[in-house]
Number of protein chains: 2
Amino acid sequence: MTTTLSPRAPRRDALENREAIVRAASVVFRRDPEASLDAVAAEAGLSRRALYGHFSSRDELLAELLTRGGARISEALADVHHDDPRIHLALIGAAIWAEVQQVRVLAQLALHGPLEKTVASALSPVRASVRRATSAGVSAGYFRESVPVESLAQLIEDAAIGVLDVAVRTDLDEAAGRQLVMTVGLSVAGLSWREADALVASIPGSLLAAWSAPGSGAVVGSGAVAGSGAVAGSGSEGGRS
Amino acid sequence: MTTTLSPRAPRRDALENREAIVRAASVVFRRDPEASLDAVAAEAGLSRRALYGHFSSRDELLAELLTRGGARISEALADVHHDDPRIHLALIGAAIWAEVQQVRVLAQLALHGPLEKTVASALSPVRASVRRATSAGVSAGYFRESVPVESLAQLIEDAAIGVLDVAVRTDLDEAAGRQLVMTVGLSVAGLSWREADALVASIPGSLLAAWSAPGSGAVVGSGAVAGSGAVAGSGSEGGRS
DNA sequence: GATAACTTGCACAGCCATGTGCAAGTTAGT
DNA sequence: ACTAACTTGCACATGGCTGTGCAAGTTATC
């Protein structure tokens with residue numbers, strides 16, 4: 001008695017194609033937030049026309065991306081806490097690193113126009129967490145006090161995105177990338193590199209286990225990312241400059 | 001005997017209009033590198049058609065912008081040297097801060113596509129200078145050694161752009177902005193915030209005089225930047241679709 | 001004040017991207 | 001195997017931006 005209502009249930013491959021489209025969009029838009037739907041469809045291995053069978057407009061696709069990205073990130077940050085604001089910040093870095101792909105799509109999309117507000121709300125958990133750690137770290141005398149806290153938090157955020165770019169571009173392995181994101185974040189906050197390195201080294205592996213874990217399920221984007229001739233095709237080296 | 005060749009010399013206001021266009025382009029493209037020429041013409045107070053009287057294509061206008069920006073920056077960096085790599089890096093920061101507008105236009109344009117190479121070459125003096133200071137600082141044990149020098153230089157560069165954004169956005173005064181750019185650059189390099197602050201404070205004013213100077217001539221873009229109702233006016237939001 | 005230089009406004013072509021409709025396929029479920 | 005679900009390829013309307021031609025203005029310069 002599956003479904004007596006409709007004459008037939010939706011097909012399973014349709015669902016798969018929908019996923020493929022979202023994944024493709026994630027890959028393509030990370031490189032160019034204004035890419036055409038044709039490009040997305042191509043990356044997904046479908047026709048442009050079929051894409052409209054799943055999303056009735058470009059904006060609807062964007063909305064889906066934003067929603068998913070935001071959810072992934074919130075989830076990842078959900079249980080990141082630590083009494084030492086320095087370690088807290090480092091852990092945020094590690095969590096973010098585990099979600100690079102998502103974060104970078106959001107960051108890219110943020111540059112656009114009308115998405116700003118949506119993206120902002122998607123990233124707000126990160127922002128809040130960073131802000132809390134920053135503020136605590138400044139009070140404790142660890143972080144620089146020569147800048148208003150909001151600006152500092154913003155700087156750390158911006159720097160983090162930059163680091164993600166570099167890390168991805170230079171093809172660091174998981175551990176190295178995570179380490180870089182953590183230490184540079186701390187540096188911008190105000191620590192010297194020796195302090196940052198030492199601090200990060202002192203973090204018990206158990207705290208990082210969640211992300212460094214072997215088969216950390218639910219890795220939506222990873223496949224797409226690996227297969228991304230994307231990064232290679234575009235940037236080559238010019239990158240940001 | 002001005003010019004016996006042509007029946008009449010070009011008019012002076014034409015030159016002024018050309019300048020206005022370039023300035024407008026600088027303002028508009030800094031916000032949105034893909035803005036239409038209509039937007040540029042409007043910002044310049046001219047018609048789109050008139051614009052084509054000065055630049056035969058969009059690319060020609062871009063080229064002019066790139067060339068000027070590159071020239072300004074090279075010039076600003078020409079006599080930035082110091083034996084202490086930390087101070088060298090800080091001074092680069094100060095020099096860059098004096099050219100924020102230019103740098104930001106270039107950085108924006110860099111995200112585009114076919115411009116990559118041109119932009120890259122325009123910014124190459126900065127890159128080279130940063131790389132030199134970075135490498136020297138690492139050798140001296142001041143900067144972090146846990147990252148390959150090229151990546152570190154890249155990180156510093158990226159961070160600098162981020163700082164410029166924040167600084168401009170939060171409307172810091174000249175001195176504060178310069179200070180921020182210098183210290184955060186040093187932080188990413190690896191110094192603690194106390195070290196960075198102390199170091200920057202120790203830099204004799206004479207070394208900064210060049211930029212902090214009252215009427216440092218040749219400030220091409222400053223007027224345009226100040227007058228930019230740009231940021232406010234444009235966005236509206238409709239944007240794409 | 002005559003004349004060339006410059007601007008404007010309009011009309012036009014071309015290109016590219018978005019959405020949509022429809023007829024003909026192909027493929028998954030029952 | 002039959003049928004509905006899904007995909008494809010095409011055609012089409014719409015809208016934005018570029019680049020150009022031309023006639024009619026305005027303004028600097030001689």
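Since we're looking at a predicted model, the values are computed, not measured. Chain naming here is simple, since letters A, B, ... match the order of the sequence lines and numbering starts at 1 in each. Hydrogens, waters and symmetry mates are skipped; everything else that's a heavy atom, side chains included, is used.
- Proximity of I161(A) to V103(A): side-chain heavy atoms (C-beta onward) are separated by under 4.5 Å at one or more points.
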Legend entry - Bracket string, DNA chain C, 5' to 3' - pairs by Watson-Crick or G-U geometry under 3.5 Å, | interstrand: ||||||.|||||.||||||||||.||||||

Inset, instruction - Evaluate side-chain contact (heavy atoms from CB on, under 4.5 Å) for I73(B) paired with L106(B), printing each intermediate quantity in order. - result: CA-CA 10 Å; I73(B) 292 171; L106(B) 293 195; 3.7 Å; yes

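- Listed pair N17(A) / dC6(D) fails the phosphate criterion, with no side-chain N or O lying under 4.0 Å from OP1 or OP2.
- For the pair L61(B) and L37(B), the minimum side-chain heavy-atom distance is below 4.5 Å.
- Using a 4.0 Å cut-off, some side-chain N or O of H54(B) falls inside it from OP1 or OP2 of dT7(C).
- As a whole-Å value, the separation of I21(A) CD1 from dC6(D) P is 12 Å.
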Inset, instruction - Go through D13(A) and E16(A) one step at a time and tell me if the side-chain contact (heavy atoms from CB on, under 4.5 Å) criterion holds. - result: CA-CA 5 Å; D13(A) 61 322; E16(A) 286 166 15; 4.3 Å; yes

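- Put simply, CG on L15(B) is 15 Å from P on dA5(C), counting in whole angstrom units.
- Counting only heavy atoms from C-beta outward, the side chains of F29(A) and V40(A) approach each other to under 4.5 Å.
- Remark: C1' of dT7(C) and CZ of R18(B) are 16 Å apart, rounded to the nearest angstrom.
- The separation between E16(A) atom CD and dT27(C) atom P is 14 Å, rounded to whole Å.
- By the 4.5 Å heavy-atom criterion applied to side chains, S129(B) and R132(B) are counted as neighbours.
- For dA5(D), the base has a donor-acceptor partner in the side chain of R11(A) [N/O atoms by modelled type, under 3.5 angstrom].
- In this structure, R49(B) atom CZ and dG25(D) atom C1' are separated by 15 Å, rounded to whole Å.
- Candidate nucleotides dC6(D), dT8(C), dC22(C) were compared by shortest atom distance to the side chain of P10(A), and dC6(D) ranks first.
- Using a cutoff of 4.0 Å between basic side-chain nitrogens and carboxylate oxygens, R178(A) and E174(A) are not scored as salt-bridged.
- For the side-chain contact (heavy atoms from CB on, under 4.5 Å) test with R30(A), the passing option among V105(A), L109(A), V100(A) is V105(A); the others fail.
- Partner V188(A) forms a side-chain contact (heavy atoms from CB on, under 4.5 Å) with one of V163(A), I156(A), T183(A) and no other, that one being I156(A).
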Do any N or O atoms of the protein come closer than 3.5 Å to N or O atoms of nucleotides 17-19 of chain D, and which pairs are they?
unit_1  : atom_1 : unit_2 : atom_2 : d
dT18(D) : OP1    : L37(B) : N      : 3.2
dT18(D) : OP1    : R58(B) : NH1    : 2.7
dT18(D) : OP2    : L37(B) : N      : 3.2
dG19(D) : OP2    : Y52(B) : OH     : 3.3
dG19(D) : OP2    : R58(B) : N      : 2.8
dG19(D) : N7     : R48(B) : NH1    : 3.0
dG19(D) : O6     : R48(B) : NH2    : 3.1

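- One atom, CZ of R12(A), and another, P of dG29(C), lie 4 Å apart when rounded to the nearest Å.
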